[in-house]
Amino acid sequence: MSTEATRLPARTGTGDPVRAVSVISTGSVEIHPEHAQGSKKPLYWWLLTSRRWLPPRPINVYVVEHANGLVLFDTGQDRASVTDPSYFPGGFNGVVYDRLAKFHIAEDETLDAQLGTLGYSVADVDKAVISHLHQDHIGGIPQLGGSELLITPEEWAQLSGFSPEARGFLRAHIDVPGARWKHIDFTGTALDPFTESFDVMGDGSIVLLRTPGHTPGSISMLVRRRDLPPLLMVGDLTYEAALLERRQLPGVGNRGELGSTTDKVLALAEHLPGLVILPAHDPTAAQRLVDSSRRPR
């Protein structure tokens, strides 16, 4: 799998505050078919018994070059997760993590190295929006001490709940010294069918929406470009845009909330013609991002 970043330079002379949108990948991950496509079997049953793995798919980080700062959506997977034997917990929890996913992260696939392909470094990041706190979305946090990290209070609360590690939340790699966490206050304008939002830059170009289901506090990020189709980065609400479009729910998360949120996203797409859905691990996301830059609204 290519580790080259896909960059979309903004059109000149448009006055668009969103100057460019890019996708970089901090390695790749293999997951079970039941994980991406859903299953009628209980989660732990297929997790511990499935022998099938899907081909490696990217661990995407979306990069928005805004007139007032560099904004990330998610921070990828930490390479320490494949080099440090103590990164994941031991015991039964360790078995679950081992069965959940297989990660492949080369030396040039760290967040800083991948930002370097765009001419940036982690020191240039103004804000990082964290879709949710699972390990393949928080890997860059230890490197982002100078950045504001946006998270929902509901998601942060998962760190204090019963056995966070057993539920996919590795606090030791999240609540790290120097991290500048900001809890999002969803008091912004409604965006039908969503009743509330959060305006990241104060100009309506980057808006956060509550999209629970994969985790209780999951969020998505809407990027509105002046002369190009809007983009919706959805984290792990789905693993492929095509699956979401036919309402095929994934196998990890609260099924009721996943269904409700999926319906909202599909309704949003009706209100925003040309909306491009960009999941965190969709193998087609980079190409669809490129295609969207060639298609005027």
Which atoms form the tightest heavy-atom contact between [X] and [Y], and what is the distance?
{"X": "Leu149", "Y": "Ala179", "answer": "CD1-CB, 3.9 Å"}
{"X": "Leu275", "Y": "Ala269", "answer": "CD2-CA, 3.8 Å"}
{"X": "Gln143", "Y": "Gly139", "answer": "NE2-O, 4.4 Å"}
{"X": "Pro279", "Y": "Ala285", "answer": "O-CB, 4.3 Å"}
{"X": "Val234", "Y": "Ser220", "answer": "CA-OG, 3.3 Å"}
{"X": "Glu240", "Y": "Pro283", "answer": "CG-CD, 4.3 Å"}

Are [X] and [Y] side-chain neighbours, meaning at least one heavy-atom pair lies under 4.5 Å?
{"X": "His66", "Y": "Val200", "result": "no"}
{"X": "Ile174", "Y": "Trp181", "result": "yes"}
{"X": "Thr238", "Y": "Leu258", "result": "no"}
{"X": "Glu65", "Y": "Leu70", "result": "yes"}
{"X": "Asp78", "Y": "Asp84", "result": "no"}
{"X": "Glu154", "Y": "Arg210", "result": "yes"}
{"X": "Ile206", "Y": "Val129", "result": "no"}
{"X": "Ile277", "Y": "Asp282", "result": "no"}

Under a 3.5 Å threshold, yes or no: a donor from one side chain and an acceptor from the other, between [X] and [Y]?
{"X": "Thr110", "Y": "Asp112", "answer": "no"}
{"X": "Gln135", "Y": "Tyr87", "answer": "no"}
{"X": "His132", "Y": "Thr215", "answer": "no"}

Short side-chain to backbone donor-acceptor contact, [X] and [Y], under 3.5 Å:
{"X": "Ser197", "Y": "Thr189", "result": "yes"}
{"X": "Thr26", "Y": "Glu109", "result": "no"}
{"X": "Thr211", "Y": "Thr261", "result": "no"}
{"X": "Arg225", "Y": "Pro229", "result": "yes"}
{"X": "Gln77", "Y": "His137", "result": "no"}
{"X": "His35", "Y": "Gly251", "result": "no"}
{"X": "Ser260", "Y": "Gly256", "result": "no"}
{"X": "Arg224", "Y": "Gly204", "result": "yes"}
{"X": "Gln248", "Y": "Gln37", "result": "yes"}
{"X": "Glu155", "Y": "Gly217", "result": "yes"}

Straight-line distance of [X] [atom1] to [Y] [atom2], nearest 0.5 Å:
{"X": "Gln287", "Y": "Ser292", "atom1": "CD", "atom2": "OG", "value": "10.0 Å"}
{"X": "His32", "Y": "Arg51", "atom1": "NE2", "atom2": "CZ", "value": "11.5 Å"}
{"X": "Leu232", "Y": "Leu222", "atom1": "CG", "atom2": "CG", "value": "6.0 Å"}
{"X": "Leu43", "Y": "Leu48", "atom1": "CG", "atom2": "CG", "value": "8.5 Å"}
{"X": "Leu144", "Y": "Asp124", "atom1": "CG", "atom2": "CG", "value": "11.0 Å"}
{"X": "Leu111", "Y": "Leu115", "atom1": "CG", "atom2": "CG", "value": "4.5 Å"}

- Task: In sequence, state the C-alpha distance, the side-chain angles, and the governing distance for Phe73 and Val64, and then conclude on side-chain contact (heavy atoms from CB on, under 4.5 Å).
- Result: CA-CA 8 Å; Phe73 185 73; Val64 181; over 6 Å; no
- Determine, stepwise, if the pair Ser81 / Ile105 fulfils side-chain contact (heavy atoms from CB on, under 4.5 Å). CA-CA 9 Å; Ser81 64; Ile105 308 170; 3.8 Å; yes
Group every Ile, Leu, Val, Met, Phe, Trp and Tyr by side-chain heavy-atom contacts under 4.5 Å, then state whether [X] and [Y] land in the same group.
{"X": "Val252", "Y": "Tyr44", "answer": "yes"}
{"X": "Ile31", "Y": "Ile59", "answer": "yes"}
{"X": "Leu208", "Y": "Tyr62", "answer": "yes"}
{"X": "Val176", "Y": "Leu72", "answer": "yes"}
{"X": "Leu170", "Y": "Ile141", "answer": "yes"}

- Residue pairs meeting salt bridge (Lys or Arg N to Asp or Glu O under 4.0 Å), one or both in residues 258-269, sequence neighbours left out, come to Arg247-Asp263
- Message: Enumerate the salt bridge (Lys or Arg N to Asp or Glu O under 4.0 Å) contacts for residues 156-175, please, sequence neighbours excluded, ordered by first and then second residue.
- Response: Arg171-Asp175
- Task: Check each of Ile151, Asp74, Leu237 against Ser131 using the side-chain contact (heavy atoms from CB on, under 4.5 Å) test, and report the only one that passes.
- Result: Asp74
- Message: As a quick check of understanding, evaluate side-chain contact (heavy atoms from CB on, under 4.5 Å) for Leu278 and Val23, giving each step before the final call.
- Response: CA-CA 10 Å; Leu278 298 171; Val23 57; over 6 Å; no
- Message: A quick test of your reading: do over 12 heavy atoms of other residues, nucleotides or ligands sit less than 6.0 Å from CH2 of Trp45?
- Response: no
- Query: Would you call the rings of Tyr239 and His281 parallel, tilted or perpendicular if under 30° counts as parallel and over 60° as perpendicular?
  - Reply: parallel
- Which of parallel (below 30°), tilted (30 to 60°) and perpendicular (above 60°) describes Phe169 and His134? tilted
- Under the side-chain contact (heavy atoms from CB on, under 4.5 Å) criterion, do Trp53 and Val29 qualify, and how do the steps go? CA-CA 10 Å; Trp53 296 88; Val29 59; over 6 Å; no
